[in-house]
Protein chains: 2
Amino acid sequence: MPRREAKVAAIVDSAWKLAREHGIAGVSLHALAREVGMRQPSLYAYFDSKLALYDAMFADGNRRLIQQLDLVKLPRDPRAALKKFFAEFVAFALEDPARYELLFERHIPGFTPSPTSYVLAEEVLARAYKVINEVGITKQGDIDCIVAMVAGLMEAQLSNDPGGNRWIRHLNRLVDLYVDDALERSRQS
Amino acid sequence: MPRREAKVAAIVDSAWKLAREHGIAGVSLHALAREVGMRQPSLYAYFDSKLALYDAMFADGNRRLIQQLDLVKLPRDPRAALKKFFAEFVAFALEDPARYELLFERHIPGFTPSPTSYVLAEEVLARAYKVINEVGITKQGDIDCIVAMVAGLMEAQLSNDPGGNRWIRHLNRLVDLYVDDALERSRQS
DNA sequence: GTCTATACATCGATAGAC
DNA sequence: GTCTATCGATGTATAGAC
């Protein structure tokens, strides 16, 4: 890795550290520069603007998520694979709420992922769709529902009891409940 | 209503207007003062701080929600009543996303509702619990699940398609699915 | 590439006259 | 209660020397 790219990576890492400490919106360029041992204007040698920094973080977060999803060995059984996929996704979110906030919520005014960063987000989405499809769920409405249910459990867990499992422990049961119903409905039609 | 309280109410109303335009975090005292035809420091005759303004908005929002929930005539059938209650709640949220953000999410750094404002939020919660209990769901885990599911649908609707019904149209079906399952489980034990 | 210095804006909050 | 004036902090971004 060239020295410049290594530096960029180090800056992004420090930015994540600040985001974990003060929230994703609480990352300031002054604090970031201090964290990496530079002065604030020097950051502009690596990022054109603060939104460009967020964009690099967005891409980095999605890349890490893809990598983490790649590492997990999914069971052959589609249902078990779906549960494992969701569990991995949830673990990724709970591991770093600020990262989840940047990747999946829209709390930074003016920030929109650049096209090249967004393809990474679409890659994540594509993998989710694949594992959902393979369990036999193909209708858009059913996919929307199951994704929204999982997100609902995850957000409740994140905002009310991060680190616990009060909501997340129901994940597999809810997935079974919905998938059984969806398959039954498609069998009948 | 005394003149002073009328003025406070007018300021809060204008604050909601700004929140709808620029997000709940985007409300500034300068803009708010301009909106009500005053200078920024004059606002301090009505609110001790910006957080005190947010607290007044929080109380106001909950009061409006309670009022809206009071107006709706719930069917005698508990299941139908539950659906109607959720529908009303969702309508309230979709009607003003910024208001939902202040009342039910924690996006304002440093803001915590005062005790007197928080009792209003608890009143809302108590009404939700009542209508859920009356359908036969009493275990905390089941309540958590159904609330998280509804919230998941609502947040997906809010952030991806406000004004539409792509997610919300599945609300009643999901409620039936979960309630049927919960009742079946409690029947068996 | 990194620095110093600074521009420029926004914001919440206070002082004190009227 | 409302105003003018201003403080003080924070923040992004730019200019220009080295």
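Below, chain A is the first sequence line, B the second, and so on; all start at residue 1. Just so you know, these numbers use all the heavy atoms, side chains as well, and skip hydrogens, waters and symmetry mates.
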Do any side-chain nitrogens or oxygens of [X] fall under 4.0 Å of OP1 or OP2 in [N]?
| X | N | result |
| --- | --- | --- |
| A:R3 | C:dG1 | no |
| A:S42 | C:dG1 | no |
| B:Y46 | D:dT2 | yes |

I want to verify a distance call: between [options], whose nearest atom is closest to the [X] side chain?
| X | options | value |
| --- | --- | --- |
| A:A45 | C:dG1, D:dA13, D:dC3 | C:dG1 |
| B:K50 | D:dG1, C:dG12, D:dG11 | C:dG12 |
| A:P41 | C:dC11, C:dT2, D:dA15 | D:dA15 |
| B:R4 | D:dG1, D:dA13, C:dG12 | D:dG1 |

Please report the distance, rounded to the nearest Å, between [atom1] in [X] and [atom2] in [N].
| X | N | atom1 | atom2 | value |
| --- | --- | --- | --- | --- |
| A:Y44 | D:dG16 | OH | P | 17 Å |
| B:H30 | D:dA5 | NE2 | P | 14 Å |
| B:D48 | C:dG12 | CG | C1' | 13 Å |
| A:F47 | D:dT14 | CZ | C1' | 18 Å |
| B:L53 | C:dC11 | CG | P | 14 Å |
| B:L29 | D:dT6 | CG | P | 21 Å |
| A:R39 | D:dA17 | CZ | P | 20 Å |
| B:Q40 | C:dC11 | CD | P | 10 Å |

Would you indicate whether the side-chain heavy atoms of B:M57 and B:L103 approach each other to under 4.5 Å?
no
Aromatic contact between B:F89 and B:F104, with the criterion being ring centroids under 6.0 Å apart: yes or no?
yes
Specify the residue among B:M38 and A:L51 whose closest nucleotide of DNA chain D lies further upstream toward the 5′ end.
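Upstream on the strand: B:M38.
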Please give me the minimum heavy-atom distance between A:A93 and A:M154, naming the atom from each residue.
CB-SD, 3.6 Å
Do A:N160 and A:W167 have side-chain N/O donor and acceptor atoms under 3.5 Å apart?
no
Side chains of B:D55 and B:S117, donor plus acceptor under 3.5 Å:
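Present: a donor and an acceptor within the cut-off.
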